[in-house]
Amino acid sequence: MKVYKTDEIKNIALIGSKGSGKTTLAESMLFESGVIKRRGNIEAGNTVSDYFPVEKEYGYSVFSTVFNAEFNGKKLNFVDCPGADDFVGNSYTALGVCDSGVIVVNAEYGVEVGTQNIFRVTGKLNKPVIFALNHMDGEKVDYDNLLDQLREHFGTHVMPVQYPINAGSNFNAMIDVLLMKKYEWGPDGGVPKVSDIPADQMDKAQEMHDALLEAAASNDEELMEKYFADEPLTEDEIRKGLRKGVVDRNLYPVFIVSAAKDMGVRRMMEFLGNICPSPEEVAAPETTCGVEVKPDANGPLSLFVFKTSVEPHIGEVSYFKVMSGTLKAGDDLENINRGNKERFAQIFTVSGQIRNAADELKAGDIGAAVKLKDVRTGDTLDAKGCDYQFDFIKYPAPRYIRAIKPASESDAEKLMGILTRMHEEDPTILVEQSKELKQTLVKGQGEFHLRTLKWRVENNDKLPIEFFEPKIPYRETITKAARADYRHKKQSGGSGQFGEVHLIIEPYTEGMPEPDSYKFGSQEYKMNVRDKQEIPLDWGGKLVVYNCIVGGAIDARFIPAIVKGLMDRMEQGPLTGSYARDVRVMIYDGKMHPVDSNEISFRLAGRNAFSQAFKAANPKILEPVYDVEIITPGDTMGDVMKDVNGRRGIIMDQDSEGGILKLNAKVPLKEMSSYATSLSSITGGRGSFSMQFSSYELVPGDVQDKLLKEYAETLEED
């Protein structure tokens, strides 16, 4: 393969909703560029993308696929991403390393929630966008309505480059208003016949051509002056204006294709090669130290590994982008994240499972290496003397959590190894061994996401596993002050154990005044503060302990032991065994024995006194509440709102735009366990949501009673 310069490279993410036809479009692109001699199809399971066993089993994309096409003197690197919302992490990765995105839209379905979601991601990352309207030969296609949808959702920057003469099942011709030519195909598609625009289409084509030229010229003052002076723009000037508009997100060109019949694909590839920005035409990424790194082929050599996978018959493959410098086969680099050396004995350009050896890859290019010693997704590898490190891909928070365990406990360690590997392949899969819940949790983007994980573990790794409903990380706290004392006394021959602790507890809030006096019944307790400890808790909130001992009732050397006893109960609350938080404790009295008192005695005395006081302080259970943003078609709004209310959710606000509803609500985590599945069912797969921890709130009385009963039954079983 030819060695391409940075300005000849175009990195493009292929993104869009499930069912939009990205995999089929990728096949046609590969065919048009000569990478493959025959186009595969999804039904036959022989496409360049979707080559993993799980993808063939389910019939949809699970992993992104890197492929490239040499076309008209340019190298087009594509990352074909799954459309299902459960696998959205692939799109974040692709847009992180690519410089523009092609959003594929199913022309029959129109703008879907998934289309809007991915467009918002491109906006957050400031990535240029081109729309490809696929399935133009579908029976239900209404091009004018589809164009209206695009403009309604994405604004006036949406600009058609082509329009169909007869959209629908008879689609076989279109007008390209940029080149002002007619493209026409035979029944099986393929190479088009290019001709002049017919007279009956000329007025419409000219009007759209003028609008496109004005949009291009508006991105450059010189071109604008020339355009309004009625001076003709050269082809290079038009390209310059279009490219600047695309890069600045002031222009979203719209193309029409039928990927299945290879209609319009070649023309779109020509446009991508001419107009999409090269790596040096977009904002340069920054290192973790804030250093801007331009893609200079003569600069210090640095690679960023954006994807790793274990692939059939190959083993581990590491996909990377050359951030700076020029990588040559045989180069030795240092893994900045891990400190080890790696030799790139061979480097490849790839198209799915097709690998072609490369002699060198210049800054901005994408390549792969196989069987490196210890390289993980997100690692940076630098040549000697370079100290760049990158971490610019941020992934969405998980939305679906399950507890997981192997069918046989003896396979627990093996399962963790598999899950760790899967996280490296897909960073949106998170694994947590929860000390609090005593469960291994696996977190993903939805039910399909984890169902796919389960299939892979059981079929690829031959390890049976089980999913369970995860426990909820409740918290315990108190709502009023209470007093208790406890004497721990034990005598069993020789020295015994003795410790007595008197304490008062009350709810803690930031900024509350220092303790003074408390009254319980007819007795008043005056506090003389000698010492104060503020203990921030790993699980949130604080434990604040005051030493108010007077007259040497308890030696200061035993206070740390009492605090340990308090922490024992904070780590395992008296109500449900959950973590406790936000409690203030005043240790004001006690007794000790000159011989039998020791640390363990006071630890136990402190623990039991705290437990008694806690139960008398009107304790309450807190539950985690999440901010949930739901996006759904307007026709399902009523059902979605009803479902949220049924989950003890509180709708905070809502907004509607173009038939799409955006709903913000606060919902307890307990009620979100299977929400991804429910929302998909209610909306026919068109809904989407995100969630983020908000706060801990008191559970309703009936819920607390149920939790206390369940915990009591658990203790009886134990």
Are [X] and [Y] side-chain neighbours, meaning at least one heavy-atom pair lies under 4.5 Å?
| X | Y | answer |
| --- | --- | --- |
| V703 | K670 | no |
| D86 | R451 | no |
| Y518 | M586 | yes |
| Y711 | L575 | no |
| V54 | F63 | yes |
| I478 | V583 | yes |
| V79 | T93 | no |
| L698 | L622 | yes |

Hey, is [atom1] on [X] packed in by over 12 heavy atoms from elsewhere, all under 6.0 Å?
| X | atom1 | value |
| --- | --- | --- |
| N145 | CG | yes |
| M637 | CE | no |
| L708 | CG | yes |
| K564 | NZ | no |
| E514 | CD | yes |

List for me each residue that meets salt bridge (Lys or Arg N to Asp or Glu O under 4.0 Å) alongside D411, sequence neighbours excluded, and say none if there are none.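 So D411 forms no salt bridge (Lys or Arg N to Asp or Glu O under 4.0 Å) with any residue.
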Report the residues that fulfil salt bridge (Lys or Arg N to Asp or Glu O under 4.0 Å) with D85, sequence neighbours left out, ordered by chain and then residue number.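 Listed in chain order: R399.
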Would the distance check show the side chain of [X] and the main-chain N or O of [Y] forming a donor-acceptor pair, the cut-off being under 3.5 Å?
| X | Y | result |
| --- | --- | --- |
| D426 | M422 | no |
| W455 | N460 | no |
| T308 | E424 | yes |
| D379 | R376 | yes |
| Q439 | A403 | no |
| K471 | L437 | yes |

Point-to-point distance, once rounded to the nearest 0.5 Å, from [atom1] of [X] to [atom2] of [Y]:
| X | Y | atom1 | atom2 | value |
| --- | --- | --- | --- | --- |
| L95 | T122 | CG | OG1 | 7.0 Å |
| F119 | I103 | CZ | CD1 | 6.5 Å |
| S17 | Q116 | OG | CD | 9.5 Å |
| T452 | F52 | OG1 | CZ | 13.0 Å |
| L133 | L146 | CG | CG | 5.0 Å |
| I429 | T420 | CD1 | OG1 | 11.0 Å |

Are F154 and Y252 an aromatic pair, judged by ring center distance below 6.0 Å?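 No, too far apart.
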Kindly indicate, with the supporting measurements, whether the criterion side chain to side chain contact (heavy atoms under 4.5 Å, CB included) is fulfilled by K620 and N618. CA-CA 7 Å; K620 296 292 184 182; N618 194 22; 4.0 Å; yes
Do Q445 and T428 get their side chains close enough for a donor-acceptor pair, meaning under 3.5 Å?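 Result is no, nothing qualifies.
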Do K22 and S61 have side-chain atoms, one donor and one acceptor, less than 3.5 Å apart?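 Absent: no donor and acceptor within the cut-off.
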Let me see the working for F304 and D391 under side chain to side chain contact (heavy atoms under 4.5 Å, CB included), right down to the final yes or no. CA-CA 9 Å; F304 177 72; D391 181 24; 5.8 Å; no
If the condition is side-chain contact (heavy atoms from CB on, under 4.5 Å), which residues does [X] pass it with, not counting sequence neighbours?
| X | value |
| --- | --- |
| E629 | R120, I631, K662, N664, S690 |
| E436 | S434, P473, R475, Y579 |
| E671 | R647, R648, V667, P668 |

Ionic contact status for R421 with D461, cut-off 4.0 Å: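 Between R421 and D461 there is a salt bridge, with a charged N closer than 4.0 Å to a carboxylate O.
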Keeping to residues at least two apart or across chains, list the salt bridge (Lys or Arg N to Asp or Glu O under 4.0 Å) pairs with something in residues 573-585.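 Listed by first then second residue: E506-R584.
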Quick one: salt bridge (Lys or Arg N to Asp or Glu O under 4.0 Å) pairs with a partner in residues 91-119, sequence neighbours left out?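 Only D99-K321 qualify under salt bridge (Lys or Arg N to Asp or Glu O under 4.0 Å).
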Please find the pair of heavy atoms, one from [X] and one from [Y], that lie closest to each other, and give the distance.
| X | Y | answer |
| --- | --- | --- |
| E476 | G577 | OE2-N, 3.3 Å |
| I393 | G96 | CG1-CA, 4.2 Å |
| I15 | G101 | CD1-CA, 4.4 Å |
| A676 | F689 | CA-CE2, 3.6 Å |
| A484 | Q612 | CB-CB, 3.9 Å |
| Y486 | A609 | CB-N, 3.7 Å |

Can you name the side chain to side chain donor-acceptor pair (under 3.5 Å) partners of [X], sequence neighbours left out?
| X | result |
| --- | --- |
| E571 | none |
| Y626 | none |
| E534 | K532, K542 |
| E432 | K443 |

How are the rings of F390 and F392 set to each other: parallel, tilted or perpendicular (split at 30° and 60°)?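 Geometry flag for F392 against F390: perpendicular rings.
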Kindly state each residue pair satisfying ring pair (Phe, Tyr, Trp, His ring centres under 6.0 Å) with at least one member in residues 423-447, sequence neighbours excluded.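 Every pair satisfying ring pair (Phe, Tyr, Trp, His ring centres under 6.0 Å) with a residue in residues 423-447: there are none.
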Can you list the steps and then say if K454 with F467 is a side chain to side chain contact (heavy atoms under 4.5 Å, CB included)? CA-CA 9 Å; K454 189 173 190 292; F467 279 148; 3.8 Å; yes
Applying side chain to side chain contact (heavy atoms under 4.5 Å, CB included) to T288 and T380, what does each step give before you reach the verdict? CA-CA 11 Å; T288 53; T380 303; over 6 Å; no
